[in-house]
Amino acid sequence: IENVLQVKAAIQNFIATNLSVITADGKLYSFIVHYTNDPPLLNLSFAADSTAHFNDGPFNAAWLENEAALVLRQKHFLHHSSRSELMKLSLNGIYIDKGSLWFKMGLSNHSLIDYHLDYIKFFIQDKHKAKRTAEQRAELEPVYQIDMHVVKGNSKKNFVFAFDQFTLPKGKRLVCQVSEQNGGRLLMLHVGHKALLKARAPFSPENTQ
C-alpha cells in the first residue's frame with residue numbers, strides 16, 4: 001500500500017524515541033513516540049482523501065511468506081517426477097494468485113547419504129533441438145522461494161517457488177534442475193505447457209491438507 005505507514009511496538013515500555021514522516025507532497029512531520037497500553041489515538045491522516053492506494057509493484061515479504069505457507073498446505077494434484085541416484089524430484093501442484101504462479105515441489109532422499117543442495121534453477125528450453133543448432137535456454141528468476149539447504153537421508157522436504165505469471169508455447173518446456181554440493185546427484189524435471197494450464201486458483205480451504 002503506497003500511502004499507509006504502520007508503526008508497531010516491538011517491545012513493551014521502550015525508551016521514548018522520535019519518528020519522522022515525509023509525505024508525497026514533500027511535507028515533513030515529526031513525532032515523539034512512547035509506549036502506552038491503551039493509545040488514545042490509533043489513526044492519523046495527512047490528506048483529505050484517506051483512501052488506501054494499492055500499488056502495482058512487487059508483493060511485500062509478509063504477504064509472500066503467508067502465501068507460501070498456504071501453498072505448502074495445499075493437496076497434491078500433479079504427479080510429475082524425476083528420479084536419479086535414489087533421489088526423487090516432484091512437482092505436486094501449480095497455483096495462481098494475484099498474477100503469480102506458485103510451484104509446490106518435493107525432494108525425496110531414499111539413500112542414507114544426506115543431500116546438500118548446491119542450487120535449484122528453472123529455465124525454459126526447446127523441446128527438440130535441431131542438429132547442429134545451439135540450444136536456447138532462458139533462465140527464470142523466482143520472485144520468492146523457500147530456502148532449503150539439506151535433505152537428510154531417508155527423508156523428504158517440500159518447498160515452493162513463486163514466479164511472475166507466464167505460459168509456455170507448445171514447442172517449449174520448463175526445466176527444473178537441482179544439483180548437489182560436492183556430489184554427482186543431478187536431477188532434471190521437465191514440465192510441459194499443459195501442466196501450467198492446470199494451475200488452480202484461488203486457494204480454497206477444502207483443498208488444504
Take L189 and L187 through the test side chain to side chain contact (heavy atoms under 4.5 Å, CB included) and record every step on the way to the result.
CA-CA 7 Å; L189 178 63; L187 293 106; over 6 Å; no
Is the number of heavy atoms from other residues, nucleotides or ligands under 6.0 Å of [X] [atom1] greater than 12?
| X | atom1 | answer |
| --- | --- | --- |
| L197 | CG | yes |
| H34 | NE2 | no |
| K152 | NZ | no |

Look at the side chain of [X] and the backbone N and O of [Y], then say whether any donor-acceptor pair between them is shorter than 3.5 Å.
| X | Y | value |
| --- | --- | --- |
| Y115 | R185 | yes |
| S111 | I113 | yes |
| S179 | Y119 | no |
| K170 | H193 | no |

Roughly how far, to the nearest 0.5 Å, is the [atom2] atom of [Y] from the [atom1] atom of [X]?
| X | Y | atom1 | atom2 | answer |
| --- | --- | --- | --- | --- |
| E180 | M87 | CD | CE | 7.5 Å |
| H116 | H149 | NE2 | NE2 | 11.5 Å |
| L196 | R173 | CG | CZ | 13.5 Å |
| M148 | N158 | CE | CG | 8.5 Å |

Is the terminal nitrogen or CZ of R200 (NZ for Lys, CZ for Arg) located under 6.0 angstrom from the six-membered ring centre of F77 and within 45° of that ring's axis?
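The answer is yes, since R200 meets both limits relative to F77.
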Identify every side-chain donor-acceptor pair in residues 15-22 under 3.5 Å, counting partners at least two apart or on other chains, and give the distances.
none

Can you list the steps and then say if L89 with M105 is a side chain to side chain contact (heavy atoms under 4.5 Å, CB included)?
CA-CA 7 Å; L89 175 65; M105 308 190 71; 4.1 Å; yes
Closest contact, heavy atoms only, [X] versus [Y]:
| X | Y | answer |
| --- | --- | --- |
| Q165 | I96 | OE1-CD1, 3.3 Å |
| K104 | L72 | NZ-O, 3.0 Å |
| F123 | R137 | CZ-NH1, 3.1 Å |
| V178 | L117 | CG1-CD2, 4.2 Å |
| F14 | A9 | CE2-CB, 3.8 Å |
| N92 | S90 | OD1-OG, 3.4 Å |

Side chain to side chain contact (heavy atoms under 4.5 Å, CB included) between L174 and L140, worked out
CA-CA 9 Å; L174 176 68; L140 290 178; 3.6 Å; yes
I120 and C176: side chain to side chain contact (heavy atoms under 4.5 Å, CB included), yes or no, with the steps?
CA-CA 7 Å; I120 301 178; C176 176; 3.9 Å; yes
Set out, in order, the CA-CA distance, both residues' side-chain angles and the distance that settles side-chain hydrogen bond (donor to acceptor under 3.5 Å, both in side chains) for Y144 and E65, then state yes or no.
CA-CA 9 Å; Y144 180 86; E65 290 176 1; 5.1 Å; no
